[in-house]
There are 2 protein chains.
Amino acid sequence: MVRNIYAPYAGKIVTFNLIRIFIALVLFCSQVYAQADSASDQVVEQLQGDALSSDLAWEILASITSEVGPRMAGTEADKRAVQWAVDKMHGLGFERVWTEPVTFPRWFRNSESAEILSPAAQKLAVTAIGGSPSTGGPLEGELVQFDTLDALKAATLAEVQGKVVFLSTRMRKTREGKGYGETVINRSKGPFVAASKGASALLIRSIGTDSDRLPHTGMMSGSEPGERIPTAAVSIPDADNLMILLSGKVPVTISLNLDVGFDGEATSYNVVGEFDGSEDLKKHILLGAHLDSWDLGTGAVDDGAGVAIVLATAKLVAELSPRPRNGTRVVLYANEEQGVYGGKAYAELHEKELDSAIIGAESDLGADRIYRFKTRVLPKAEPSIALLEKHLKTLGIERESNELAGGGADVGQMRQLGLPVIDLNQDASRYFDLHHTANDTLDKVNPEYLQQNLAAWVTLAYLTANSVVDFGPVQPSE
Amino acid sequence: MVRNIYAPYAGKIVTFNLIRIFIALVLFCSQVYAQADSASDQVVEQLQGDALSSDLAWEILASITSEVGPRMAGTEADKRAVQWAVDKMHGLGFERVWTEPVTFPRWFRNSESAEILSPAAQKLAVTAIGGSPSTGGPLEGELVQFDTLDALKAATLAEVQGKVVFLSTRMRKTREGKGYGETVINRSKGPFVAASKGASALLIRSIGTDSDRLPHTGMMSGSEPGERIPTAAVSIPDADNLMILLSGKVPVTISLNLDVGFDGEATSYNVVGEFDGSEDLKKHILLGAHLDSWDLGTGAVDDGAGVAIVLATAKLVAELSPRPRNGTRVVLYANEEQGVYGGKAYAELHEKELDSAIIGAESDLGADRIYRFKTRVLPKAEPSIALLEKHLKTLGIERESNELAGGGADVGQMRQLGLPVIDLNQDASRYFDLHHTANDTLDKVNPEYLQQNLAAWVTLAYLTANSVVDFGPVQPSE
C-alpha cells in the first residue's frame, strides 16, 4: 500500500486549495467588477451629460400643468390626468402601458370663505382642509387660540366649548423639511382633538413656510376615531394678523363658510408603464410619483415634477444601447394626497409578485437640488451602492449613512412589504412655501435644478437596473 | 477848501467798504450758520437715534392693518379708516385735527372669477381693474394675445372684434420702479384701445414683478374718452400658463365673470392734523400719505407704511424742545387709488393759502430702505439742502441731482401750483411684488427698514421746518 504521504495534511491541503480558489475568484471578480465599473462609468457619464442638457422633464411638466392643470382625485380633471399619463407613456415609447383602478371616498370643495367679524371686519384667506364637513352656511364663533396641539389637549372643555379653536403653531423652514412633521399634526389630528372638546370649528395656521395670502390645504387624518368638525387653514399673514388682534382685550369673532364634504365613492387609476431591460429577467426597477394634485395650484412641485422626472428618467435609460439588464417600471399613483390610496392599492395588487421589483424609489418633494441620498438595502448590495455614491457625488449629492430610506408615501407601502428603496432627497427649503397652495405652479420650478434631479435619477435607474447583486428583500418591519 | 483826497477814489472806497461789509457779513453769517449747524447737528443726531430705535411707526402700521385692514375708498372700512386717523392723531397729541370732504364716483367689487374653458379647463386667478364695468354674468370668448399695447394699437378690427384681448407685457424689476411706468398703460389705457377695436373684454398680465397667484388690481384711466369694457388682471403665473397654451395650435377660450361697477357718488375725507412750531409763523411743512388702500390686501406697504411714517415723524419732531420754528401739518389723503381725489381736493381747497406750506413731501412707495433723495426747490435754498444732504448721508441716502422731485401723487397736485417738494426714494425692488395685491400685508414690512425711513423723515422734517430760507415757490410749470 502506498502511503499517501499527503494524508496527514489532507485538511490543510483542502484549506490551501480553497484559499487559492478564493484568491483566484477574488482576482477574477475584481477584474469583472473593474471592467463593469469602467463600462458603467462611461454610460453613467454619458447619461448624466444627456440629462443635464435635456428639456424632456421640463416639457412633460409644462404639458401636465397647462394641459391638465389642477387634478384633485375624483374630479373631472383627475380623469383627464389619467388619460394624459396613458397618452404620454405611449408617446414616450413605453412597451407596455396599463391602468389599475383605485377607489376612495370622494371629497369635494365647492366654495370656502371666512371673515373677521369683530373687532374689525376684514376677509380672511382660508381654504378647507380635506375631509372637512361643510359648515352648512356661515358659522360664527369666537376664536380661542392655542400655540400647539398639546396646549389644546391640555385645555378644559369650558375653555373650548362652542368656540372656534385657532391653532397658531408656526412651521420652521429647514433643508430637510423636518418642520412639516412637527406641525402637520395640527391638520391631521387637530380636528378630532378640537371636536372632542366641543369646539364648533377649527382654524389652523397654514402648515407652510411662506408669507403669502395663499392658504395651504391638505388632508385631515382618515383613520382617526371621533367626530370631524369644519376645519380650515388660514394663510400665514392672516394668522399673524389674528395674533395681533388676539393680543388685544376685545374678543375676536369670525365667520366661516365651507361648502365642502364627501359625496360617495370615486374610482381613479394608477397608471403603469414599462420599458424592457436588455435581458428578459422579468424584473424591473420600480420608479414612482403621484399623478393627482390638490385643486388649488397646478401641481407643479407636488407632484408634476416627480411625474416629469420619473417619466424622463425611464425614457433616457430606455434610449441606451444596450439597455440595462432589468426593465424599468414607472407607476404614477392615484390619489396620494387624500390618503395614499394609489400606493396602497398597488401594494395590495402586487404583493405576491413584489420580488419582481428589484428596488423602489419615488420623487415627491419638488425639484430643487438633490443634495443627499439614503438607502434601505441588504448589506451585500454595498458594492452597487458605493458605485452609486461615486457617481452621485459628481452631482453634489452626498450619501447619508445615518438614516434609512423611507421610499416616499406610495413606494413606502411596498417598502413595508420588504421592497428595498433608495431616496434621492431634494433641498426642501422652498418646497413648503408652495406645498398645497395656489402658488404651486410651473414658474416655481428651476429648469436647471430639474435637470440635476433628472441626472441623479438616471444615475440611480441605470446603476440599479443593471446591478447583478440583490438589494433586497429587506426586513418588512424595517 | 479842504480837498477830499479820497474823492477820486470814492467809488473804489465804496466798493472797498462794501467788500469789507460783505466779508464781515459772510464771517458773521458763517458763524451763525456754524452755530446753527452745530446746534441742528446735535438735534438731528438725537432725532435719528430716536427714530432708529422707535417702535412708533410699526405700532401705527400694525394698528391700521389689523384694526382697519383693507379700506377701499367709499366702503364701510374707508369710513372706519377716517375715524381711526382722527383718533390716532388725537392720541398722538396733534394740536389741531380736522377732516375735509372728498367726493368721487363709488366703484364696487362684489365678485370676480375666470377660468380657461379650452383646450383644458382650469381656474384663473383674476381681479377686476378699478373702473371696469360688470360682465353681466359669464362672458365667454377666445383670447387674442398681444405683447404690448402698441401691438394692439396696430391690430386690425378683424383680428380683435368679439374676442377677449390678452395683453401679456411683463414688467421689469428695478430699484427705481421704472418698469411700472412702462407697463401701467396696459391697465390705464388698454381697456379703451381694446374697446375701440371691438374687443368684448380685456385681460392683462398683472402689472407687477412677483410670481404669486395673486393678481394686481389698480385703476383704469378716469379721463380717457371712449367706451369701457370689462377688464381684469390675471396673476403672473396664470399669464405664463396662458402663454404656454397660446403657443399651441388650439384656440384658447376663457370665461370671465365680473360683478363690479360704479353705483353713484361717495364722500370720504382728507384727515388733517397739525403740530405748532416754536414760533407762531402760521407756516408749516406739509407731510402726506394716503389713507385709502385697495381692497385685496390690508394696505401695509400701500400706503399704511406712509401713514405710519408721516404720523410718527410729526410726533417725534413735536416732542423736541424747542420745536422747530415752523409747524408740521400731516394730511392723510382720501382715495388716492382711484384718481388722486384727496390730493386734488386739498389743492383746490388750499390753493389760496398754499404759501403757508414751506415744503411738501409724501411717503407712498412702501418702507424698504430709502437710498436717494430729490428736490424741487429755489436755488437760494441750497445751504439748507446741503445740510439735509449731509445728514441723510449718514443713513446711506445719496442726493440725486439729475432729476427733479415729483412730490408723490397727492402732494404732486400742490407741486403743480408751485409748492417746493422733496422726495425720499425707497428701494422699490420689492414694492411691485406686493402692490395692489392681497399680499400687501404687515409681514412684508421690514421693521428695521421702517426705522430707517422714519430716521430719514424726521431729518427732513426737522431741517425744513427749522429752515430760515425759503424753498419756494417754484415755477408751477416745473
Side-chain angles (χ1 to χ4, degrees), chain A residues 59 61-71 75-77 80-81 83-84 111 113 115-116 118-125 210-215 235-248 250 252 295-300 433-434 437-445, chain B residues 59 61-71 75-77 80-81 83-84 111 113 115-116 118-125 210-215 235-248 250 252 295-300 433-434 437-445:
Chain A
E59 285 163 7
L61 183 54
S63 169
I64 192 170
T65 52
S66 68
E67 293 162 29
V68 181
R71 47 199 179 276
T75 62
E76 175 274 338
R80 282 193 281 127
Q83 191 57 53
W84 173 92
S111 67
S113 63
E115 56 191 315
I116 301 171
S118 66
Q122 65 172 277
K123 285 184 187 169
L124 290 166
D210 55 292
S211 55
D212 292 311
R213 295 290 296 290
L214 296 168
S235 89
I236 289 156
D238 287 84
D240 291 344
N241 192 38
L242 285 173
M243 290 302 283
I244 292 174
L245 291 174
L246 286 161
S247 71
V250 189
V252 178
D295 51 338
L296 305 179
T298 63
D433 290 350
L434 311 167
T437 73
N439 243 352
D440 179 1
T441 48
L442 180 64
D443 53 295
K444 308 310 183 306
V445 176
Chain B
E59 285 163 7
L61 183 53
S63 170
I64 192 170
T65 53
S66 67
E67 294 162 29
V68 181
R71 46 198 178 278
T75 63
E76 175 273 340
R80 282 192 282 128
Q83 191 57 53
W84 173 92
S111 67
S113 63
E115 55 190 317
I116 301 171
S118 67
Q122 65 171 276
K123 286 184 186 168
L124 290 167
D210 56 291
S211 54
D212 293 311
R213 295 290 296 289
L214 296 168
S235 88
I236 290 155
D238 288 85
D240 290 344
N241 192 37
L242 285 173
M243 290 302 282
I244 291 174
L245 290 174
L246 287 161
S247 72
V250 188
V252 178
D295 52 338
L296 305 179
T298 63
D433 290 350
L434 310 168
T437 74
N439 243 352
D440 180 0
T441 48
L442 180 64
D443 53 297
K444 308 310 183 308
V445 176

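Below, read A as the first sequence line, B as the second, and so on, with proteins coming before strands; counting in each chain starts at 1. Just so it is clear, the model here is predicted, and its values are computed rather than measured.
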Measure distances from [X] to the heavy atoms of chain A and classify the residue's part below 4.5 Å as side chain, backbone, both or neither.
{"X": "B:K444", "value": "side chain"}
{"X": "B:D212", "value": "both"}
{"X": "B:T441", "value": "side chain"}
{"X": "B:P119", "value": "neither"}
{"X": "B:D240", "value": "side chain"}
{"X": "B:L296", "value": "backbone"}

Atom [atom1] in [X], atom [atom2] in [Y]: separation rounded to 0.5 Å?
{"X": "B:L434", "Y": "A:R213", "atom1": "CG", "atom2": "CZ", "answer": "12.0 Å"}
{"X": "A:S235", "Y": "B:L214", "atom1": "OG", "atom2": "CG", "answer": "9.0 Å"}
{"X": "A:I236", "Y": "B:D443", "atom1": "CD1", "atom2": "CG", "answer": "9.0 Å"}

Using modelled atom types and a 3.5 Å cut-off, is there a donor and acceptor pairing between side-chain atoms of B:R80 and backbone atoms of A:A121?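 Confirmed, B:R80 side chain pairs with A:A121 backbone.
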Indicate yes or no for a side-chain donor-acceptor contact from A:Q122 to the backbone of B:T65 under 3.5 Å, with no hydrogens or angles considered.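 At least one qualifying donor-acceptor pair exists.
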Tell me the closest heavy-atom pair linking B:S211 and A:N439, and the distance in Å.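 What the structure gives for the nearest pair is O-OD1, 3.5 Å.
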Locate the shortest heavy-atom distance separating B:S66 from A:A120; write the atom from each residue and the value.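 Where B:S66 meets A:A120 most closely, the heavy atoms are O-CB, 4.0 Å.
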Suppose we screen for side-chain hydrogen bond (donor to acceptor under 3.5 Å, both in side chains). Which residues come up paired with B:E59, at least two apart in sequence or across chains?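 side-chain hydrogen bond (donor to acceptor under 3.5 Å, both in side chains) check on B:E59 returns nothing, list empty.
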Report the residues that fulfil side-chain hydrogen bond (donor to acceptor under 3.5 Å, both in side chains) with B:D210, sequence neighbours left out, ordered by chain and then residue number.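 Residues passing side-chain hydrogen bond (donor to acceptor under 3.5 Å, both in side chains) with B:D210: B:H216.
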Need one label for A:V250: side chain, backbone, both or neither, based on atoms under 4.5 Å from any heavy atom in chain B.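 Nothing of A:V250, per the 4.5 Å heavy-atom cut-off to chain B.
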